[in-house]
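Okay, so here's the structure we're looking at.
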Protein chains: 2
Amino acid sequence: MATPQLTKNQTMVMDALSHSEGPMSAYTILDKLRDQGFRAPLQVYRALDKLLEYGLVHRLESLNAFVACTCPHEHEQDHGVTAFTICEGCGQVTEFHDTAIEQRLSALTRAQNFKTEKTTIEIRGHCQSCA
Amino acid sequence: MATPQLTKNQTMVMDALSHSEGPMSAYTILDKLRDQGFRAPLQVYRALDKLLEYGLVHRLESLNAFVACTCPHEHEQDHGVTAFTICEGCGQVTEFHDTAIEQRLSALTRAQNFKTEKTTIEIRGHCQSCA
DNA sequence: CAATTGATGTAATAACATTACATTAAAACG
DNA sequence: CGTTTTAATGTAATGTTATTACATCAATTG
Ligand SMILES: [Zn+2]
Ligand SMILES: [Zn+2]
Ligand SMILES: [Zn+2]
Ligand SMILES: [Zn+2]
């Protein structure tokens, strides 16, 4: 699915995430955008839903927060299994992809006849600077 | 860390999870235990904190819910990386462990000098029956 | 027994997310 | 162009998940 032109609200949320150092919760995004006219959580959640659908943003399940995708390649379609390291010290999030992991998980789920739709891999710990 | 004797509240929460078909949210557990004297969320959350610490229970980040550990071996200590398949259809959760995944993740995090404390792997999709 | 530590009870509040309904903007079509 | 349809937005209310604060009680320790 090619990414369509973003709407006004989608663009504002995307910009907020892109310019952020780390992940932000929906309510943090809302606060950042209040002086640009945002009033209600739903404005953020609706924009996030689309951005997630387009693959421009990822949700971090263990933080209830969102980050802009840092994949180098374009977001034309699904970019396979995405994994993250998340530093408890500085909040830094690093996105990475690994085909070995992907293939191993694929083999394991195939063995139990499980049809995968979405895979979450989040590694909490401390980065080099915060160790 | 050897698992100490469970307290009254911890035992009730553990039993509720053990006898449940699938994962339960903290508030669902609270409702199940109301007629056994539970009144407030904190009674559940405090018990869950301990059960998680002892490795008897796992938290599913993508569901905000909890399941009893189904590991065959005893819970004397950390049982490495735990992964789950979660069926969107019937709610069935399957816990599994794989050293290949564990080693690959270990290599990847070591490469970025990241010190792992907790790893979350959750695979959402449909089980064989619900495919 | 006094002091400390761990567990519990209760209320209030914070943080995260969705439902419902009205309105407006954009796209598709004759 | 005007009509129909679809997508996006605005707003309020509510639902769900989790924590803070403070008082009490029980078990352990010296
Ligand atoms: Zn990405
Ligand atoms: Zn750090
Ligand atoms: Zn387990
Ligand atoms: Zn199923």
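Being a predicted model, the structure only gives us computed values, none of them experimental. Chain letters run A, B, ... following the sequence lines, proteins first, then strands; residues in each count from 1.
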- [ ] Go through the N and O atoms of the side chain of R46(B) and the base of dG9(C), and report whether any donor-acceptor pair is under 3.5 Å.
- [x] yes
Task: Closest listed nucleotide, where the reference is the side chain of Y27(A) and the choices are dA20(C), dA18(D), dA17(C) - done: dA17(C)
Open item on the list: Under 4.0 Å from OP1 or OP2 of dA8(D): is there any side-chain N or O of K8(A) that close?
Closed with: no
Open item on the list: Could you tell me how far apart Y45(A) (OH) and dT19(C) (P) are, to the nearest whole angstrom?
Closed with: 12 Å
Tabulate protein N/O versus nucleotide N/O from nucleotides 25-29 of chain D, keeping only pairs under 3.5 Å, one per line.
none

Open item on the list: Please determine whether a side-chain nitrogen or oxygen atom of T7(A) lies at a distance below 4.0 Å from atom OP1 or OP2 of dT9(D).
Closed with: yes
Open item on the list: Count I, L, V, M, F, W, Y as connected when their side-chain heavy atoms are under 4.5 Å apart, and connections chain through other members. Are V67(A) and I86(A) then in the same cluster?
Closed with: yes
- [ ] Could you check whether R39(A) gets within reach of a base, just the sugar-phosphate, or nothing at all, counting any heavy atom under 4.0 Å?
- [x] sugar-phosphate
Which pairs of donor and acceptor atoms, one on a side chain in residues 55-65 of chain A, lie under 3.5 Å apart (sequence neighbours left out)?
unit_1	atom_1	unit_2	atom_2	d
H58(A)	NE2	H79(A)	NE2	3.1
H58(A)	NE2	E95(A)	OE2	3.1
R59(A)	NE	E61(A)	OE1	3.0
R59(A)	NH2	N64(A)	OD1	3.1
S62(A)	OG	E122(A)	OE1	2.6
S62(A)	OG	R124(A)	NH1	3.0

Open item on the list: Whole angstroms only, please: what is the CD-P distance between Q10(A) and dA25(C)?
Closed with: 16 Å
TODO: Would you mind reading off the distance between M24(B) atom CE and dT16(D) atom C1', rounded to a whole angstrom?
DONE: 17 Å
Open item on the list: I'd like to know if the side chain of S106(A) and the backbone of E102(A) have a donor-acceptor N/O pair within less than 3.5 Å.
Closed with: no
Open item on the list: For a quick test of reading the model, state the closest non-hydrogen atom pair linking R34(A) to R39(A) and the distance between them.
Closed with: NH1-O, 3.4 Å
Task: Which atom of H97(A) lies closest to which atom of T82(A), heavy atoms considered - done: CE1-OG1, 3.1 Å
Task: Whole-Å distance separating the CD atom of Q43(B) from the P atom of dC22(D) - done: 20 Å
Task: M14(B) backbone acceptor or donor facing S18(B) side chain under 3.5 Å - done: yes
Task: F38(A) CZ to dG10(D) C1', straight-line distance once rounded to whole Å - done: 11 Å
TODO: Report yes if the side chains of T116(A) and K118(A) come closer than 4.5 Å at any heavy-atom pair, otherwise no.
DONE: no
Open item on the list: If I take atom SG from residue C69(A) and atom OH from residue Y54(A), how far apart are they, to the nearest 0.5 angstrom?
Closed with: 15.5 Å
Open item on the list: Can a donor-acceptor pair be found, under 3.5 Å and without considering hydrogens, that links the side chain of T109(A) to the backbone of L105(A)?
Closed with: yes
Task: Any donor-acceptor pair under 3.5 Å from Q103(A) side chain to A100(A) backbone - done: no
Task: d(CG, L42(A); P, dT19(C)) in whole Å - done: 10 Å
Task: Inter-end axis angle, the helix from dC1(C)-dG30(D) to dG30(C)-dC1(D), with every axis fitted to five base pairs (rounded, 10 degrees) - done: 30°
TODO: Please report, rounded to the nearest Å, how far the C1' atom of dG9(C) is from the CZ atom of R34(B).
DONE: 14 Å
TODO: Please report, rounded to the nearest Å, how far the P atom of dA15(C) is from the CG atom of L30(A).
DONE: 13 Å
Task: N or O in side chain of N9(B) less than 4.0 angstrom from dG9(C) OP1/OP2 - done: yes
Open item on the list: Does dA7(C) have its OP1 or OP2 closer than 4.0 Å to a side-chain nitrogen or oxygen of K50(B)?
Closed with: yes
Open item on the list: With a 4.0 Å limit, can you tell me whether N64(B) has a side-chain N or O closer than that to the phosphate oxygens OP1/OP2 of dC16(C)?
Closed with: no
